[in-house]
There are 2 protein chains.
Amino acid sequence: MILEVRADLAPERRERMRILIRKAGVARVEDLKSDLKVSVATVRRDLEALEEEGRIRRVHGGAVSMESRLEEEVFDDKANLALKEKRLIAEEALNFIGTGDSIYLDGGSTVLEIARLLAGRTDLTVVTNSLRAAAELSESGPRVILIGGELRRLSQTMVGPLTQAILGQVRLDKAFMGTMGLCIDDGLTTTDPNEAFTKSLVQEHARQVVLLADARKAGKISFARVSDLESVDILISDKKFPAKTARTLRKRGLKVRLA
Amino acid sequence: MILEVRADLAPERRERMRILIRKAGVARVEDLKSDLKVSVATVRRDLEALEEEGRIRRVHGGAVSMESRLEEEVFDDKANLALKEKRLIAEEALNFIGTGDSIYLDGGSTVLEIARLLAGRTDLTVVTNSLRAAAELSESGPRVILIGGELRRLSQTMVGPLTQAILGQVRLDKAFMGTMGLCIDDGLTTTDPNEAFTKSLVQEHARQVVLLADARKAGKISFARVSDLESVDILISDKKFPAKTARTLRKRGLKVRLA
DNA sequence: TCAGAAACGATCAAAAACGATCAAAACCAA
DNA sequence: TTGGTTTTGATCGTTTTTGATCGTTTCTGA
């Protein structure tokens with residue numbers, strides 16, 4: 001008689017752990033220890049494995065689920081440590097905006113920085129799926145058009161099939177896009193398929209696609225594929241962007257600007 | 001020294017802090033200290049981190065939020081006086097919402113009160129053109145679909161021809177509408193023609209139209225015509241609503257509820 | 001303008017969490 | 001069973017986080 005088959009138990013335990021963390025959004029090591037009836041050492045090892053898989057993110061004292069709201073914020077926070085870079089990228093992006101342009105602003109913190117810089121530009125028309133960008137521009141400035149669609153809470157953006165209804169009816173001179181992952185082989189990727197759908201739709205409609213991505217996005221691959229890199233006309237990143245990747249992109253015809 | 005058992009993970013606590021600051025706009029260190037049950041030193045450290053991320057700005061004594069929020073306009077006294085009535089009207093309106101309904105929420109402060117009451121209703125689908133309603137529901141609750149269109153700054157709603165793109169693609173069991181003027185002869189009127197256009201469009205699409213209008217709206221006529229009263233199925237108002245007008249409306253087939 | 005009060009930042013010590021290491025236990029194939 | 005491998009849990013030194021203290025800065029109102 002086999003009392004315990006540990007080879008099956010370990011992955012099962014990790015799965016339970018993952019579920020626990022996702023349900024609560026966060027979990028402390030001590031809680032997981034008592035819930036799963038194992039030692040803290042094992043909990044740490046499992047968390048390490050789950051982090052390796054990208055399912056969670058470890059923090060001091062426990063872990064945060066990748067699928068939770070908090071994680072998106074934490075992830076954002078992490079990315080926002082590059083706030084200065086984002087500002088520089090956004091300022092560089094401004095150079096590509098002409099008088100009277102009709103531009104699209106994607107969700108994401110880097111693109112949001114552009115919105116902050118457009119306060120006085122009453123000559124522009126801004127099309128966006130980002131509630132945050134809309135809020136930023138709601139006081140004054142450009143004409144604002146929201147594309148509508150289902151609200152994705154995590155990112156505060158409108159995504160999904162419904163977005164194509166309005167996108168089909170507007171002209172977009174330039175689209176300023178954010179991304180979660182940028183990879184030579186896998187192109188642009190993001191977390192949510194519906195978001196990916198809308199992003200790719202926008203890129204098809206826009207005359208020119210400007211991708212804003214700080215250096216840490218380079219080489220990252222997220223879950224849902226948006227498009228390949230050929231859809232992008234201009235990439236704006238910061239000085240830390242891998243030179244080799246930049247060269248490859250330039251060879252492929254992209255204009256690369258490192259702010 | 002005895003440290004208390006930490007209830008929160010650091011990122012969790014910072015997230016709560018961020019929300020607190022955003023909700024109130026500003027927060028004092030002492031308040032955050034007692035709200036989060038930590039020392040002032042920790043509060044300061046967290047604020048420092050949040051400032052680094054660009055989410056807040058520290059000021060002497062506390063911090064102010066950098067995250068733009070859709071501000072509720074500072075209502076004049078007249079509107080504030082009607083707040084109680086608006087609440088009652090909104091609560092009455094809840095009775096008309098069934099399980100799993102797909103409902104439309106119009107702009108306007110009265111309708112916004114409904115949004116505030118829908119926090120837990122994950123069974124519903126809310127379609128709206130109001131950024132404020134969307135913001136109210138963006139944290140949790142029903143599925144939210146924004147209809148898109150041009151942003152009208154004053155009302156923070158999406159209006160105009162573009163709105164019909166998505167409205168044509170969704171089912172609306174009930175539409176909860178606000179209005180500026182309600183008049184037996186001139187029907188429903190509002191200030192902006194684009195807004196009127198979208199309102200009438202919604203009313204055509206909805207199976208049932210519920211009009212929310214406090215008594216002050218009775219007899220008022222605004223600039224742009226929305227529709228005549230026959231488009232409305234149910235009127236919800238308050239006790240001060242003119243009895244004579246109510247009688248007339250009932251004769252015309254409207255259901256009238258005075259909350 | 002100046003003095004008291006409040007808030008601040010730097011620094012330090014305590015406590016909790018962490019990672020590395022190692023031995024014991026469980027597992028697996030012969 | 002036996003020998004080798006993997007997994008687990010305990011120990012221990014190190015790191016991180018937190019809260020208190022104290023001198024300094026900033027705010028406020030007389």
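Residue numbers begin at 1 in each chain, while the letters A, B, ... track the order of the sequences. Please read these numbers as outputs of a predicted model, since none were measured by experiment. Side chains are part of it too, since the values below use all heavy atoms of this structure and drop only hydrogens, waters and symmetry mates.
Residue contacts for B/Arg28: at a heavy-atom cut-off of 4.0 Å it reaches no nucleic acid atom on any strand shown. Residue B/Val59 is classed as a sugar-phosphate contact, given heavy-atom separations below 4.0 Å to backbone atoms only. Contacts of B/Val38 with the nucleic acid, taken as non-hydrogen atoms under 4.0 Å apart, involve only primed sugar atoms and P, OP1 or OP2.
Taking atom CE of residue A/Met17 and atom C1' of nucleotide D/dT8, one finds them 13 Å apart after rounding to whole Å. One can place CG of B/Leu32 at 17 Å from C1' of D/dT18, the figure rounded to the nearest angstrom. Nucleotide C/dG19 holds its P atom 9 Å from the CD atom of A/Glu51, rounded to whole Å. Here the C1' atom of nucleotide C/dA17 and the NZ atom of A/Lys33 are 12 Å apart, to the nearest Å. Rounded to whole angstrom, the span from the NE2 atom of B/His60 across to the C1' atom of D/dT25 amounts to 8 Å. The distance from atom CG of B/Leu36 to atom P of D/dT17 is 17 Å, rounded to the nearest whole Å. Atom CZ of A/Arg44 is separated from atom P of C/dA17 by 8 Å (rounded to the nearest Å). Atom CG in B/Leu9 sits about 11 Å away from atom P in D/dT17, given to the nearest Å.
A salt bridge links B/Arg55 with B/Glu53: at least one charged nitrogen is closer than 4.0 Å to a carboxylate oxygen. With respect to A/Lys240 and A/Asp238, no salt bridge is recorded, no charged nitrogen being found less than 4.0 Å from a carboxylate O.
Between the base of C/dG19 and the side chain of A/Arg45 there is no donor-acceptor pair shorter than 3.5 Å.
A donor and an acceptor atom, one from each side chain of B/Ser109 and B/Lys86, are located under 3.5 Å apart. In the model, A/Arg152 has no side-chain atom that pairs as donor or acceptor with a side-chain atom of A/Thr198 under 3.5 Å.
Dashed line: the shortest gap from a side-chain N or O of A/Arg13 to OP1 or OP2 of D/dT7 is not under 4.0 Å. Within the 4.0 Å cut-off from OP1 or OP2 of D/dT18, not a single side-chain nitrogen or oxygen of B/Thr42 is found. Residue B/Arg58 has a polar side-chain atom (N or O) positioned under 4.0 Å from OP1 or OP2 of C/dG9.
Ranked by how close their nearest DNA chain C nucleotide is to the 5' end, B/Glu30 and B/Glu48 are led by B/Glu30.
Residue B/Ala10 has its side chain nearest to D/dT18 when only D/dT18, C/dC8, D/dG9 are considered. The A/Ala41 side chain lies nearest to D/dG9 when the options are C/dC18, C/dC8, D/dG9.
Using a 4.5 Å heavy-atom cutoff, the side chains of A/Val144 and A/Ser138 are not in contact.
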